[in-house]
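Okay, so here's the structure we're looking at.
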Amino acid sequence: MKKQVGLYYSLPQIMWLLVFFAAPLGIIIAYSFLKKGLYGGVEPQFSLEAYTAMANPNILIVTWRTLKMSVIATILTLLIALPCGYSIARSQNQAMRLFLVIVPFWTNFLVRIYAWIAILGNEGFLNDIIRALHLRSESVQFLYNQTAVILVLVYMYLPYAILPLFSTIDKFDFTLLDAARDLGASRFQSYVRILLPNIKSGLVTAGLFTFVPIFGAYAVPLLIGGKDSYMLGNIIADQLTKTRNWPLASSISMTVTILTTGLVFLIAMRKPREQKQVFDADPGLITPVASGGR
Amino acid sequence: MKGADVDIVGVSKFFGSFQALKNVSLSISKGEFFSLLGPSGCGKTTVLRLIGGFEEPDSGTIAIEGKNVIGLPPDKRHCNTVFQSYALFPHLSVFENVAFPLRIRKIPQQLVREKVMRYLSLVQLEMHAAKKPSQLSGGQRQRVAIARALINEPSILLLDEPLSALDAKLRQHMLMELDAIHDKVGITFIYVTHDQQEALSVSDRIAVMNMGEVLQIGTPRQIYENPATEFVARFIGETNVFSLKILSIDGTKIYGEVDGLGPMFVDDETDAKPGETVLATIRPEKIRISADLPNTNGGRINVLHGIVAEPIYSGFQTKYVVQLDTGMMVTVYRQHANWSEGIPDIEWKDEVYLSFSASDMVIVEMHEQ
């Protein structure tokens, strides 16, 4: 009886997942194995065409570029988020600082992208300053390249990295850093050897929270990027709206989904093995004790 | 003698507007087992953190081995700390925890293994080298922390309430073990504790602190038998304090009067003049309790009269709280030696006489509030 009650309680959740996650995913999977319709849509006929079409060199180039940009953006995000999370965790005024991290969420995603256009644009804020200081007479082209896309992606996903890092670092016992310093480690050594290994779970979470959405980015490269910064998300949208090849859009979506879920699983599987490794680190260690006859 | 001496002169430390240390001066000798004793918040841990290099004083100087160490970071100081929470690295095995200082110094693996095993055997933990700290008991973690702090062969070991997380029995055992390790390695131990029993039983000397000040420095015997202030007398063990108006002084022989109790003899040195009021203390175990009026033999024995308000039997002794005729409560310990030899038992509501020698009384400074 008890189990059944639990089932009733979780029914809304299950329904929600079915309608908004499982069903659309099922539709995408189904579409990816169908034949493309002439003006969009699909023909009810099984076909692997969408998957073979992915071998297109253009798509492979964009996939590689998306991967590269996502990795760079994730690493940059983590490098910025780490000191941020650390300083918030050690701050006397955590609530205020966390509030400041969350404030941007109150503004719409697209509005924030346009804000960046207003800052980086040819007639934008940054160029106004450059001209006012007479550094250059002409505008500098900041927008519509990979660097701009990466910059805005880092900005967008920084809070998603700061929050999990903060919550892990907040639980970290800072006396351990004192102990490391006491035992001869420099400040840098104490961070690398003691802080980082103990907040690994936070780093992994923060990395996933940024990498996965960045890998599927669409709006940022569309509005900030140029030809050199087209990402997989843009190709999918193009296939759907311009080329009207719905099966191809579906198969690329499937590939992105499988790649990212695969990554998550890989990391989730890796963890327990790692712990075990540390536990029986240095097997030679046991020998002197054993030979001691105790 | 191995180890280093520490000289702290006129050190003050503020945390915001709170003054944690007020003009503290301490001189600790090589190889000494020196304790900093006081209630929580008295500044004793701050002194330790100043020596360790985790805090810098706002004024005053700290010298180790005659060299000024102010501004030197913890990794450049020749002292290591055993932290109150042990601060073992949770992601490293016991072996790697103890090896950490050697790894930092990039000592070759063979030497590391040899030395770590030697220090683990010093604390009898060779068997547990491969375990993680979370798999150890409290006492074992404590010992890992000690081995790790000693492996760099520091000249000073700083111990910050290292036994406070252990249960009473284990604490006694670890205390003796610490004392044995001190004898073995011979370096200076600076030990912070709020437990007077711990401090009394192992220290060469003790500094009693309260509210950021050092009130008295001395051997355990001096601190207990000859407390300098009322706070020291009350903090270390139990004591009874009388407010004594001095009538005459002849050398160390002080004759005075306690309000409502009459004349009282005290044998102690004092700077006070006749007419002034001082505090005179007597330890509970130095008071005799009897049902009959004791024979004072014309000597300098003080006798008080009262009623037993509360007898507390605790096996090896009975503690009596006696209400004097003035209403003042006096605590007396009565040991149970020769219990069966016909001394009449003293019970609740019994009328009793308390007697104590003038030479067991000590004049202490009034506690400024």
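A, B, ... follow the sequence lines: proteins, then strands. Residue 1 opens every chain.
Interface with chain B: from residues 151-178 of chain A, residues Asp173(A), Thr175(A), Leu176(A), Asp178(A) qualify, criterion being any non-hydrogen pair under 4.5 Å. Inspection of non-hydrogen atoms places no residue of residues 73-107 of chain A under 4.5 Å from chain B.
When all heavy atoms of Asp182(A) and Asn80(B) are compared, the pair lying nearest together is O-ND2, 2.7 Å. The two residues Asn152(B) and Leu183(A) have their closest heavy-atom pair at ND2-O, 3.5 Å.
Here Arg148(B) is the residue among Arg148(B), Arg105(B), Arg49(B) with the most heavy-atom pairs under 4.5 Å with chain A.
When heavy atoms are compared at a cutoff of 4.5 Å, Leu120(B) does not approach chain A at all. Contacts between Ser85(B) and chain A at a heavy-atom distance below 4.5 Å involve the side chain alone, from C-beta outward. Only the backbone of Ala149(B) comes within contact range of chain A, judged by heavy atoms closer than 4.5 Å.
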Under the side chain to side chain contact (heavy atoms under 4.5 Å, CB included) criterion, do Arg187(A) and Asp75(B) qualify, and how do the steps go? CA-CA 9 Å; Arg187(A) 190 179 291 273; Asp75(B) 49 322; over 6 Å; no
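Looking at Arg193(A) and Arg103(B), their side chains come closer than 4.5 Å, going by heavy atoms from C-beta outward.
Atoms OG and CZ, on Ser190(A) and Phe89(B) in that order, are 9.0 Å from each other to the nearest 0.5 Å. The line from CZ of Arg181(A) to OG1 of Thr81(B) is 12.0 Å long, rounded to the nearest 0.5 Å.
Around the OH atom of Tyr218(A), the shell of radius 6.0 Å holds no more than 12 heavy atoms that belong to other residues, nucleotides or ligands. The local environment of CZ in Phe54(B) is crowded, with over 12 non-hydrogen atoms from other residues, nucleotides or ligands closer than 6.0 Å. No more than 12 heavy atoms of other residues, nucleotides or ligands shown are found within 6.0 angstrom of CZ on Phe125(A).
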